Amino acid sequence: MGFLKENFKEKVLAVVKKIPRGKVLSYKEVAKLAGKPKAFRAAGNILNKNFDVSVPCHRVIRSDGEMGGYNRGVEKKLRLLKKEKAI
DNA sequence: CGTATGACGTGCA
DNA sequence: GTGCACGCCATAC
């Protein structure tokens, strides 16, 4: 059981999984909750490679309020946020 | 093991 | 308000 090596990746995914519908968090917030407030860049990188549909990574946006990006298309991200009334 | 990458953030012109 | 450059950290190759 390696849960101590990739803790950050798993933690980030876990945090994103915990994001309630209709709410959005910034990469900085996610990284902070993951235990590394300065790893917001790595957090985004992990989400980028994460293809797990169980992870509502579309609920993670920039601190500036921008959409940022989405592995499935920014349009899809914007659409999901609008459907969830998160925006 | 070292290099390159990236869905970021902040500061400055 | 806009654009550019630097920094910063984990992951992938």
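By convention in this document, chain letters (A, B, ...) are assigned in the order of the sequence lines, proteins followed by strands, and residues within each chain are numbered from 1. What you see is a predicted model, and the numbers here were worked out from it, not measured in a lab.
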| query | Can you find a donor-acceptor N/O pair under 3.5 angstrom joining the side chain of Y70(A) to the base of dA7(B)? | reply | no

| field | Length of the NZ-P vector between K38(A) and dT10(B), whole Å | value | 12 Å

| request: Respond yes when some side-chain nitrogen or oxygen of S63(A) is under 4.0 Å from OP1 or OP2 of dG9(B), and no when none is. | output: yes

| task | Give one of base, sugar-phosphate or nothing for F8(A), where a contact means two heavy atoms less than 4.0 Å apart. | result | sugar-phosphate

| Nearest-0.5 Å distance, OG of residue S26(A) to CD of residue E66(A) | 13.0 Å

| Separation of N50(A) atom CG from dG6(B) atom C1', in whole Å? | 15 Å

| query | What integer distance in Å separates D64(A):CG from dG3(C):P? | reply | 14 Å

| Roughly how many Å is it from CG in L80(A) to C1' in dA7(B), rounded to a whole number? | 15 Å

| request: Establish, with yes or no, whether the OP1 or OP2 oxygen of dA7(B) is under 4.0 angstrom from a side-chain nitrogen or oxygen of N48(A). | output: yes

| request: Looking only at side-chain atoms of C57(A), point me to the closest of dC9(C), dA12(C), dA7(B). | output: dA7(B)

| task | Select base, sugar-phosphate, or nothing to describe what L47(A) touches, counting heavy atoms under 4.0 Å on all strands. | result | base

| Any side-chain N or O of K36(A) under 4.0 Å from OP1/OP2 of dA10(C)? | yes

| remark: Sorted by position of nearest nucleotide on DNA chain C, 5' first, the leading residue of F40(A) and N45(A) is F40(A)

| Want to settle it: does R41(A) or K49(A) sit nearer the 5' end of DNA chain C, counting the closest nucleotide to each? | R41(A)

| request: Decide, yes or no, whether a salt bridge links E84(A) with K23(A) under the criterion of side-chain N to carboxylate O below 4.0 Å. | output: no

| query | Roughly, in whole Å, what's the span from CG in L13(A) to C1' in dA10(C)? | reply | 13 Å

| query | Just how far, in rounded Å, is C1' of dA10(C) from NZ of K11(A)? | reply | 15 Å

| field | Rounded distance [0.5 Å steps], CD1 in I19(A) versus CD in E29(A) | value | 10.0 Å

| query | Within this structure, what is the NZ-to-P distance between K9(A) and dA7(B), rounded to whole angstrom? | reply | 17 Å

| Should N45(A) and R41(A) be marked as a side-chain contact (heavy atoms from CB on, under 4.5 Å) after you check the CA-CA gap, both sets of side-chain angles, and the distance that decides it? | CA-CA 6 Å; N45(A) 233 336; R41(A) 213 195 257 246; 6.0 Å; no

| CG-CZ distance between L80(A) and R72(A), expressed to the nearest 0.5 angstrom | 8.5 Å

| field | Interatomic distance, F51(A) CZ vs dA12(C) P [rounded to whole Å] | value | 12 Å

| said: Heavy atoms from C-beta onward define the side chain here; which of dA7(B), dT11(C), dG9(B) lies closest to that of I46(A)? | reply: dT11(C)

| said: Quiz question: going by heavy-atom distance under 3.5 Å, is there a donor-acceptor pair between the base of dG9(B) and the side chain of R62(A)? | reply: no

